[in-house]
Amino acid sequence: MTTRPYVLLSAAMSVDGYLDDASPERLRLSNAEDFDRVDEVRASCDAILIGANTMRKDNPRLLVNSEARRAKRVAEGKPEYPLKVTVTKSGDLDANLNFWHHGGGKLVVTVDSAVEKVRTTLDGLADVVSVGTELDWGLVLDELGRRGIGRLMVEGGGTIHTQLMAANLADEVHLAIAPLLVGQPEAARFLSAADYPGGSTARMKVLEVRAIGDVVFVRYAPKERS
């Protein structure tokens, strides 16, 4: 039986739960010290996953920036960079985005109807695999487990965070809460409405709370509900 990876959701959000505002420019929620914490977490993981919408909107490189952390990974027999993973049902990807041209290995997980479209678009820039007719998160995690991914960091967006939390597939949640209020209903949120395990009264276990400059970092164990 394939062992699924340990799934860690990571997000920076405003006090009122937004990942960004509605402006064309990316809202800077975190600070330099917290960005370094994220870099450290990335270095500890075997793979980093973002959704195709997040890739299109933010165009991230999604790297481990610290040379020392990359060197430590290599010394431990790991690739210099974690595997970068994206998921797409539509197959609408842009081969010119930063994601494909920086770091180490890349993987696209998609569905049968889009797999050839993705392979044609990317033309060898990434490994492409289908999990069947529907994008089932259990099958996505099974595929990553078969590829030896033991620890998976998920960096968004909100739709993916919501789906994984609702399916009770997140083992840990890292939230950096910025002292900002967005208040724009059209802006992206960390989580949306869903049928979450245990309902509205189930309390998650808090693993850690600390201040990082003006950001509050909270770590939760969502499967440990009471």
Side-chain angles (χ1 to χ4, degrees), residues 1-11 19 26 38-39 41-65 70 73-74 77-171 188 192:
M1 183 177 175
T2 302
T3 301
R4 290 176 175 175
Y6 185 89
V7 178
L8 185 161
L9 308 189
S10 176
L19 298 173
R26 178 73 174 158
V38 170
D39 196 67
V41 177
R42 284 180 178 177
S44 75
C45 292
D46 301 304
I48 305 167
L49 183 148
I50 60 169
N53 285 337
T54 299
M55 188 193 304
R56 287 188 287 262
K57 185 174 185 296
D58 297 342
N59 195 20
R61 295 184 305 158
L62 219 64
L63 302 176
V64 174
N65 293 312
R70 297 199 307 271
R73 285 179 57 86
V74 173
K78 300 176 182 177
E80 183 179 7
Y81 294 96
L83 177 70
K84 296 197 296 187
V85 184
T86 192
V87 293
T88 176
K89 189 174 180 179
S90 69
D92 294 333
L93 298 172
D94 183 345
N96 294 314
L97 293 177
N98 288 330
F99 187 93
W100 314 112
H101 302 285
H102 300 271
K106 292 94 181 175
L107 171 67
V108 181
V109 183
T110 187
V111 293
D112 291 348
S113 60
V115 67
E116 290 307 322
K117 176 182 178 181
V118 173
R119 285 176 177 151
T120 300
T121 298
L122 296 181
D123 192 23
L125 290 172
D127 193 5
V128 181
V129 64
S130 171
V131 290
T133 56
E134 296 295 328
L135 199 58
D136 179 285
W137 278 105
L139 296 178
V140 173
L141 296 181
D142 288 342
E143 176 64 30
L144 294 175
R146 281 192 293 271
R147 291 169 180 262
I149 302 303
R151 185 172 166 89
L152 172 68
M153 184 179 186
V154 180
E155 295 200 37
T159 299
I160 288 177
H161 287 320
T162 299
Q163 290 172 350
L164 289 168
M165 289 288 280
N168 206 28
L169 292 173
D171 297 287
S192 302

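What you see is a predicted model; the values in this text were computed from it and never measured. Only this structure's heavy atoms are used, side chains among them; waters, hydrogens and symmetry mates stay out.
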Test your reading of the model: is there a side-chain donor-acceptor pair from [X] to the backbone of [Y], 3.5 Å cut-off?
X    : Y   : result
T110 : T88 : yes
R26  : D58 : no
D39  : N65 : yes

Please give me the minimum heavy-atom distance between [X] and [Y], naming the atom from each residue.
X    : Y    : answer
H101 : L97  : CD2-O, 3.1 Å
P60  : T54  : CD-O, 4.1 Å
T121 : L93  : CG2-O, 3.3 Å
V109 : L135 : O-CD1, 4.1 Å
A126 : V108 : CB-CG2, 4.1 Å
L152 : P5   : CB-CB, 4.0 Å

Problem set entry | Any R151 side-chain heavy atom under 4.5 Å of L8 side chain |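 A side-chain contact under 4.5 Å exists here.
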
For this session: Could you check if a side-chain atom of R42 sits within less than 4.5 angstrom of a side-chain atom of S10, using non-hydrogen atoms only?
Result: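 Of all side-chain heavy-atom pairs linking S10 with R42, none is under 4.5 Å.
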
Problem set entry | Charged N-O contact under 4.0 Å between D127 and R147 |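 Salt bridge between D127 and R147, a charged N being under 4.0 Å from a carboxylate O: yes.
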
Exercise. Does the distance from a Lys or Arg side-chain N to an Asp or Glu carboxylate O, for R4 and D142, drop under 4.0 Å?
Worked result: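 D142 and R4: salt-bridged.
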
Exercise. Regarding D112 and T133, is there a side-chain donor-to-acceptor distance under 3.5 Å anywhere?
Worked result: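 No donor-acceptor contact under 3.5 Å links the two side chains.
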
Exercise. Are more than 12 heavy atoms from other residues, nucleotides or ligands located less than 6.0 Å from atom NZ of K89?
Worked result: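 Not buried by this count: 12 neighbours or fewer within 6.0 Å.
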
Exercise. Considering the options L49, D46, L63, V64, which one meets the side-chain contact (heavy atoms from CB on, under 4.5 Å) requirement together with P82?
Worked result: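 Exactly one candidate clears the test, V64.
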
Problem set entry | side-chain contact (heavy atoms from CB on, under 4.5 Å) partner of L62, chosen from H102, M153, E155, K106 |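 Running side-chain contact (heavy atoms from CB on, under 4.5 Å) over H102, M153, E155, K106 with L62 returns exactly one hit, E155.
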
For this session: Would you sort out whether I160 and W137 count as a side chain to side chain contact (heavy atoms under 4.5 Å, CB included), showing the intermediate values?
Result: CA-CA 9 Å; I160 288 177; W137 278 105; 3.7 Å; yes

Problem set entry | Step-by-step side chain to side chain contact (heavy atoms under 4.5 Å, CB included) determination, R70 to V74 | CA-CA 6 Å; R70 297 199 307 271; V74 173; 5.7 Å; no

For this session: Decide side chain to side chain contact (heavy atoms under 4.5 Å, CB included) for L164 and V154; before the verdict, give the C-alpha distance in whole Å, the side-chain angles of both, and the deciding distance to 0.1 Å.
Result: CA-CA 10 Å; L164 289 168; V154 180; 4.0 Å; yes

For this session: Go through L125 and F99 one step at a time and tell me if the side chain to side chain contact (heavy atoms under 4.5 Å, CB included) criterion holds.
Result: CA-CA 10 Å; L125 290 172; F99 187 93; over 6 Å; no

